[in-house]
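To start, the structure itself, in structure tokens.
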Amino acid sequence: MENSNSYISGIGSYLPSQMLTNKDLEKMVDTTDEWIVSRTGIKKRYISAKEEATSDLATKASLSAIEDAGISPNEINMIIVATFTPDMMLPSTATRVQKNIGANNASAFDISAACSGFIYGLSIAHQFIINGTMKNVLVIGAETITKYVDWSDRNTSVLFGDGAGAVVVSQNSNGAKILGFNLGANGNPPREWLMLAGGGSVNRDENILKGKKNFITMNGKEIFKFGVNILPATITTVVKKYGLTNEDIDLVIPHQANRRIIEAAAVILNIPIQKFYINIDRYANTSAASIPIAMFDARKENILNKGDIIVLAGFGAGLTWGSMLIKY
Ligand SMILES: CC(C)(COP(=O)(O)OP(=O)(O)OC[C@H]1O[C@@H](n2cnc3c(N)ncnc32)[C@H](O)[C@@H]1OP(=O)(O)O)[C@@H](O)C(=O)NCCC(=O)NCCS
């Protein structure tokens with residue numbers, strides 16, 4: 001089997017139609033627009049409708065990415081959905097997307113790596129393309145997090161939003177290529193730092209609802225510190241690993257968890273903040289979806305251009321992290 005290059009051949013995104021502003025949240029929980037904007041950078045977020053599943057958002061983002069790649073769904077060899085809010089435990093969200101888009105020649109599965117899930121998924125796609133076994137892999141980050149938010153908990157309810165982003169990773173191109181990645185995990189810190197406990201094998205009884213285990217819980221301060229440390233660390237690792245320096249980077253597209261985390265990372269890395277794409281103001285934290293949505297927006301705004309050297313970087317529950325170095 002011949003070794004090939006992998007590159008991003010298409011990008012798509014989809015946001016649900018219903019929007020919730022910070023002002024709306026002021027009426028629901030003890031918070032203020034001023035607090036949310038100053039502590040996180042978030043101004044609004046999108047909310048999936050009651051009947052709208054993660055696969056519905058994923059399907060729309062996928063169709064937009066496939067159209068952008070200029071291929072037909074039949075040409076997709078594999079579908080990977082990164083999500084921590086799947087339609088159900090079984091079957092996978094990815095098989096639903098496969099049916100919805102008519103990707104009849106694709107294998108399909110979900111992966112669980114929280115907000116790092118899209119980077120993990122991209123690294124899997126990269127392997128299948130560079131070893132020559134596949135031509136087109138669809139990688140989707142899709143979440144309906146607001147269905148798992150306790151709207152009375154101001155520590156979490158102001159932070160999250162719903163959405164989906166997708167990319168097609170394809171074989172060969174004229175110069176564009178995925179250069180490499182860095183992935184990591186540390187399962188030692190308490191799971192309570194960022195957790196959605198209900199529904200898994202640990203919490204299957206009536207205590208799920210009684211104990212509010214069907215909602216996200218978080219230790220914001222610990223996760224904040226983790227993010228500020230790990231974003232620069234994983235970016236530095238991937239940039240050095242492939243013989244580049246921070247000056248070679250045209251654009252960093254980080255996971256959108258908190259504007260202050262991104263700003264702190266920029267200072268540690270000594271990369272101007274202008275080189276970081278930030279759209280958290282519009283969508284809040286959409287977990288696995290945030291990086292592909294940001295890629296889509298950055299390209300639409302002509303901030304992401306052909307030939308750019310970019311770094312994608314994410315971190316999240318687990319703890320997990322990952323970065324990806326790309327010549328777009
Ligand atoms: C959650 C987060 C925004 C809180 O910001 P912070 O600056 O650490 O704020 P603190 O937790 O110190 O809280 C400061 C005060 O604001 C209050 N507060 C918390 N949430 C609030 C809200 N939504 N509205 C108003 N006040 C709030 C706290 O109760 C606290 O009040 P006190 O000083 O009287 O005790 C921040 O810790 C964070 O972003 N963490 C990372 C979260 C994350 O990224 N999660 C996903 C990772 S993938």
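When a residue number appears, it is its place in the shown sequence, counting from 1. Values reported hereafter were calculated over all heavy atoms of this structure, with side chains retained and with hydrogens, waters and symmetry mates removed.
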State the [atom1]-[atom2] distance between [X] and [Y], to the nearest 0.5 angstrom.
X: Leu183; Y: Ser123; atom1: CG; atom2: OG; result: 4.5 Å
X: Asp153; Y: Trp151; atom1: CG; atom2: CH2; result: 11.0 Å
X: Met324; Y: Leu122; atom1: CE; atom2: CG; result: 4.0 Å
X: Ser13; Y: Ile140; atom1: OG; atom2: CD1; result: 13.0 Å
X: Asn22; Y: Ile36; atom1: CG; atom2: CD1; result: 4.0 Å
X: Ser4; Y: Lys177; atom1: OG; atom2: NZ; result: 11.0 Å

Worksheet item: Which ring-ring contact (aromatic ring centres under 6.0 Å, His included) pairs, counting each pair once, include a residue from residues 233-258, with sequence neighbours left out?
Response: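 Output for this query lists His255-Phe315.
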
Looking at side-chain heavy atoms only, is the closest gap between [X] and [Y] below 4.5 Å?
X: Leu244; Y: Ile309; result: yes
X: Ser64; Y: Phe296; result: yes
X: Ile76; Y: Val137; result: no
X: Leu138; Y: Ile101; result: yes
X: Val169; Y: Ile178; result: yes
X: Glu51; Y: Asp56; result: no
X: Ile273; Y: Ile278; result: yes

Show the atom names and distances, to 0.1 Å, of all donor-acceptor pairs under 3.5 Å that link a side chain in residues 77-90 to residues at least two apart or in another chain.
| residue | atom | partner | partner atom | Å |
| --- | --- | --- | --- | --- |
| Asn77 | OD1 | Lys135 | N | 2.7 |
| Asn77 | OD1 | Asn136 | N | 2.9 |
| Thr83 | OG1 | Thr85 | N | 3.0 |
| Thr83 | OG1 | Thr85 | OG1 | 3.2 |
| Thr83 | OG1 | Ala142 | O | 2.7 |
| Thr83 | OG1 | Glu143 | OE1 | 3.0 |
| Thr85 | OG1 | Glu143 | OE1 | 2.7 |
| Thr85 | OG1 | Thr144 | N | 2.9 |
| Asp87 | OD1 | Thr54 | N | 3.3 |
| Asp87 | OD1 | Ser55 | N | 2.9 |
| Asp87 | OD2 | Ser55 | OG | 2.5 |

Practice prompt. Indicate yes or no: does Lys44 engage Asp33 in a salt bridge with an N to O separation below 4.0 Å.
Written response: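 No.
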
Practice prompt. Using a strict 4.0 Å threshold on nitrogen-to-oxygen distance, state whether Glu26 and Lys23 make a salt bridge.
Written response: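 Here Glu26 pairs with Lys23 in a salt bridge, since their nearest N and O are under 4.0 Å apart.
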
Check: [X] side chain, [Y] main-chain N or O, donor-acceptor pair, under 3.5 Å:
X: Asp24; Y: Thr21; answer: yes
X: Ser290; Y: Gln256; answer: yes
X: Asp308; Y: Asn305; answer: yes
X: Asn100; Y: Thr59; answer: no
X: Asn219; Y: Leu194; answer: no

Worksheet item: Is the NZ or CZ atom of Lys241 positioned over Phe181's six-membered ring, under 6.0 angstrom from the centre and within 45° of the axis?
Response: yes

Item to complete: Can you spot which of Ile8, Ile11, Ile66 makes a side-chain contact (heavy atoms from CB on, under 4.5 Å) with Val168?
Response: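 Only one option passes, and that is Ile66.
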
Worksheet item: Do you know which of Thr286, Asp281, Ile280, Asn285 makes side-chain contact (heavy atoms from CB on, under 4.5 Å) with Tyr283?
Response: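 Option passing the side-chain contact (heavy atoms from CB on, under 4.5 Å) with Tyr283: Thr286.
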
Worksheet entry | Test side-chain contact (heavy atoms from CB on, under 4.5 Å) applied to Phe118 and Ile293, step by step | CA-CA 11 Å; Phe118 178 74; Ile293 292 173; over 6 Å; no

Practice prompt. Could you check Trp321 against Asn186 for side-chain contact (heavy atoms from CB on, under 4.5 Å), going step by step and ending with a plain yes or no?
Written response: CA-CA 9 Å; Trp321 60 90; Asn186 175 11; 3.9 Å; yes

Worksheet item: Yes or no on side-chain contact (heavy atoms from CB on, under 4.5 Å) for Asn172 and Tyr7, after CA distance, side-chain angles and deciding distance?
Response: CA-CA 7 Å; Asn172 287 330; Tyr7 77 108; 5.5 Å; no

Worksheet item: Could you walk me through whether Phe224 and Arg260 pass the side-chain contact (heavy atoms from CB on, under 4.5 Å) check?
Response: CA-CA 9 Å; Phe224 190 95; Arg260 289 187 297 136; 3.8 Å; yes

Worksheet entry | Nearest atoms (heavy-atom pairs only) where Pro232 meets Leu269 | O-CD2, 3.6 Å

Worksheet item: Under 3.5 Å, is there a donor-acceptor pair between the Ser48 and Asp162 side chains?
Response: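 Their side chains do contain a donor-acceptor pair, which is all the 3.5 Å distance test asks for.
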
Worksheet item: Do other residues, nucleotides or ligands put more than 12 heavy atoms under 6.0 Å from Lys43 NZ?
Response: no

Discussion item. Does Glu67 have more than 12 heavy atoms from other residues, nucleotides or ligands lying within 6.0 Å of its CD?
Written reply: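 Counting other residues, nucleotides and ligands, CD of Glu67 stays at 12 neighbours or fewer.
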
Fill in: Sequence-distant partners of Glu301, side-chain hydrogen bond (donor to acceptor under 3.5 Å, both in side chains), two or more places apart
Tyr277, Arg282

